[in-house]
Amino acid sequence: MTDKQPIAVLGGGSFGTAIANLLAENGQQVLHWMRDPEQAAAIKNDRENPRYLKGIKIHSGVEPVTDLSATLAQCQMIFVALPSSALRQALQPVADQLKGKMLVSTTKGIEANTFLLMSQILEDIAPEARIGVLSGPNLAREVAENALTASVVASEDEDLCRQVQAALHGRTFRVYASSDRFGVELGGALKNVYAIIAGMAAAMGMGENTKSMLITRALAEMTRFAVKLGANPMTFLGLAGVGDLIVTCSSSKSRNYQVGYALGEGLTLEAAVARLGEVAEGVNTIKVLKAKAEEMQVYMPLVTGLHAILFEGRTLDQVIGALMRGEPKTDVDFISTSGF
Ligand SMILES: NC(=O)C1=CN([C@@H]2O[C@H](COP(=O)(O)OP(=O)(O)OC[C@H]3O[C@@H](n4cnc5c(N)ncnc54)[C@H](O)[C@@H]3O)[C@@H](O)[C@H]2O)C=CC1
Ligand SMILES: O=C(CO)COP(=O)(O)O
């Protein structure tokens with residue numbers, strides 16, 4: 001038995017499970033909260049979460065639990081790994097219990113209607129909580145398989161960053177700190193959309209030049225958008241920007257990429273999402289992002305093109321044709337020419 005306080009992980013899916021295991025491997029006692037009692041009982045008995053991470057042994061330091069209120073009462077540090085569509089509804093009822101706690105969002109999405117990022121929702125629900133974000137190139141299965149991985153904890157609260165680093169940093173997982181919570185979180189949410197496009201390109205057999213063009217122009221586009229929202233473009237050169245963009249746009253382990261691949265094979269969006277059976281945040285993000293880009297008048301041809309294919313009845317060929325015929329642009333937007 002340890003006299004350390006347990007750490008909570010909220011969400012019984014693939015990333016919650018991977019983070020819970022990582023914490024336990026580092027000697028932490030973990031309360032892994034999930035809503036489904038049958039799933040919790042099965043994990044307790046079998047030490048495996050077969051629906052989301054088949055074949056991964058769940059560490060003995062992870063205790064699956066289903067009483068959210070009792071879990072929060074015991075923990076100061078809480079990782080939130082719920083889908084973006086569920087985060088507010090799951091945590092609003094327990095808002096009173098979040099006061100003064102360290103809440104670290106790992107969720108990569110944007111709320112429809114409000115355009116709030118997940119840590120901003122946490123702030124909204126619990127203004128007196130200490131808020132942070134964990135984001136980076138962190139495919140859940142690879143984290144769970146102890147592939148060498150790096151991530152970023154971002155918060156204005158330096159002590160929170162240090163405590164999260166101490167809890168998560170280990171043999172196979174490095175955690176870097178950043179004070180740019182908004183930029184780090186925005187990068188994680190935006191790259192999901194481009195991963196769908198990359199999956200489509202892969203299914204269509206496009207070449208390596210095309211893949212590289214897509215990733216690089218995606219970085220230009222997301223950075224342009226972020227700057228318009230007041231974010232620091234330099235953050236997009238880090239793990240939570242280009243790092244996460246690369247892994248998600250080039251791996252068939254990414255669920256967003258898988259949805260794109262299925263679309264490229266000719267499936268409808270509904271069929272692609274149903275075949276996946278897990279969260280692909282980019283599907284919801286594309287709608288809010290397209291609307292916001294229009295409102296802010298940011299040029300985002302890849303976002304516009306994907307939206308046209310998914311929701312406006314355009315074909316892939318039409319969109320690719322329009323993209324390639326578009327007026328030539330500058331390569332890198334943010335190079336200062338003064339003094340050169
Ligand atoms: N899987 C990955 O590789 C990574 C995922 N993330 C992010 O983590 C978040 C969660 O993703 P995953 O764990 O991969 O999703 P998942 O699809 O593997 O699992 C989602 C889990 O949330 C639960 N859930 C859904 N609605 C709920 C509600 N209302 N209340 C309580 N639980 C609810 C489901 O039962 C399921 O256990 C996403 O925003 C994702 O972008 C971040 C880094 C890596
Ligand atoms: O965010 C991720 C990797 O960093 C996971 O991406 P997917 O949600 O597309 O699987």
Charged N to carboxylate O under 4.0 angstrom, [X] versus [Y]?
X    : Y    : answer
E142 : K253 : yes
R217 : E221 : no
E278 : R255 : yes
R130 : E123 : no

Answer yes or no: is there a side-chain heavy-atom contact under 4.5 Å between [X] and [Y]?
X    : Y    : result
P137 : I246 : no
F79  : L10  : no
I286 : F311 : yes
L168 : L22  : yes

Can you tell me if [X] uses its side chain to pair, donor with acceptor, with the backbone of [Y] under 3.5 Å?
X    : Y    : value
S14  : A140 : no
D67  : S69  : yes
T304 : M300 : yes
N21  : H59  : yes
T66  : P37  : no
Q165 : V175 : yes
Q258 : S252 : yes
N256 : G282 : yes
E111 : M118 : no
E281 : S84  : yes

Under a 3.5 Å threshold, yes or no: a donor from one side chain and an acceptor from the other, between [X] and [Y]?
X    : Y    : answer
N138 : T149 : no
T285 : N192 : no
E312 : H307 : yes
Q163 : D159 : yes
S179 : E156 : no

In Å, rounded to the nearest 0.5 Å, how long is the span from [atom1] of [X] to [atom2] of [Y]?
X    : Y    : atom1 : atom2 : value
L122 : I78  : CG    : CD1   : 9.5 Å
Q76  : M102 : CD    : CE    : 6.0 Å
K191 : I196 : NZ    : CD1   : 10.0 Å
I7   : C75  : CD1   : SG    : 8.0 Å
M206 : M204 : CE    : CE    : 3.5 Å
T268 : L263 : OG1   : CG    : 8.0 Å

With hydrophobic residues grouped by side-chain heavy-atom distances under 4.5 Å, do L229 and I110 end up in a single group?
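Yes.
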Same apolar cluster: M213 and V193, side chain cutoff 4.5 Å
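Linked within one cluster.
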If you take all heavy atoms of [X] and [Y], which pair is closest and at what distance?
X    : Y    : answer
S254 : T248 : OG-CG2, 3.2 Å
G12  : N49  : O-ND2, 2.9 Å
A112 : V288 : CA-CG1, 3.4 Å
I125 : A95  : CG2-CB, 3.5 Å
L98  : A126 : CB-CB, 3.7 Å
S105 : E185 : OG-OE2, 4.2 Å

Can you check side-chain hydrogen bond (donor to acceptor under 3.5 Å, both in side chains) on S151 and R174, steps first, answer last?
CA-CA 6 Å; S151 194; R174 284 183 68 78; over 6 Å; no
[atom1] ([X]) with more than 12 external heavy atoms under 6.0 Å:
X    : atom1 : value
N45  : CG    : yes
K329 : NZ    : yes
E38  : CD    : no
M296 : CE    : yes

Yes or no on side chain to side chain contact (heavy atoms under 4.5 Å, CB included) for L31 and Q74, after CA distance, side-chain angles and deciding distance?
CA-CA 9 Å; L31 299 181; Q74 293 175 70; 3.7 Å; yes
Within 45° cone and under 6.0 Å: K228 NZ/CZ vs Y299 ring:
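No; the conditions do not both hold, so K228 does not lie above the ring face of Y299.
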Carefully, step by step, assess D124 and Q120 under the rule side-chain hydrogen bond (donor to acceptor under 3.5 Å, both in side chains).
CA-CA 6 Å; D124 189 29; Q120 295 172 322; over 6 Å; no
What do the steps show when you test R47 against V62 for side chain to side chain contact (heavy atoms under 4.5 Å, CB included), and what is the final call?
CA-CA 9 Å; R47 304 314 297 174; V62 176; 4.1 Å; yes
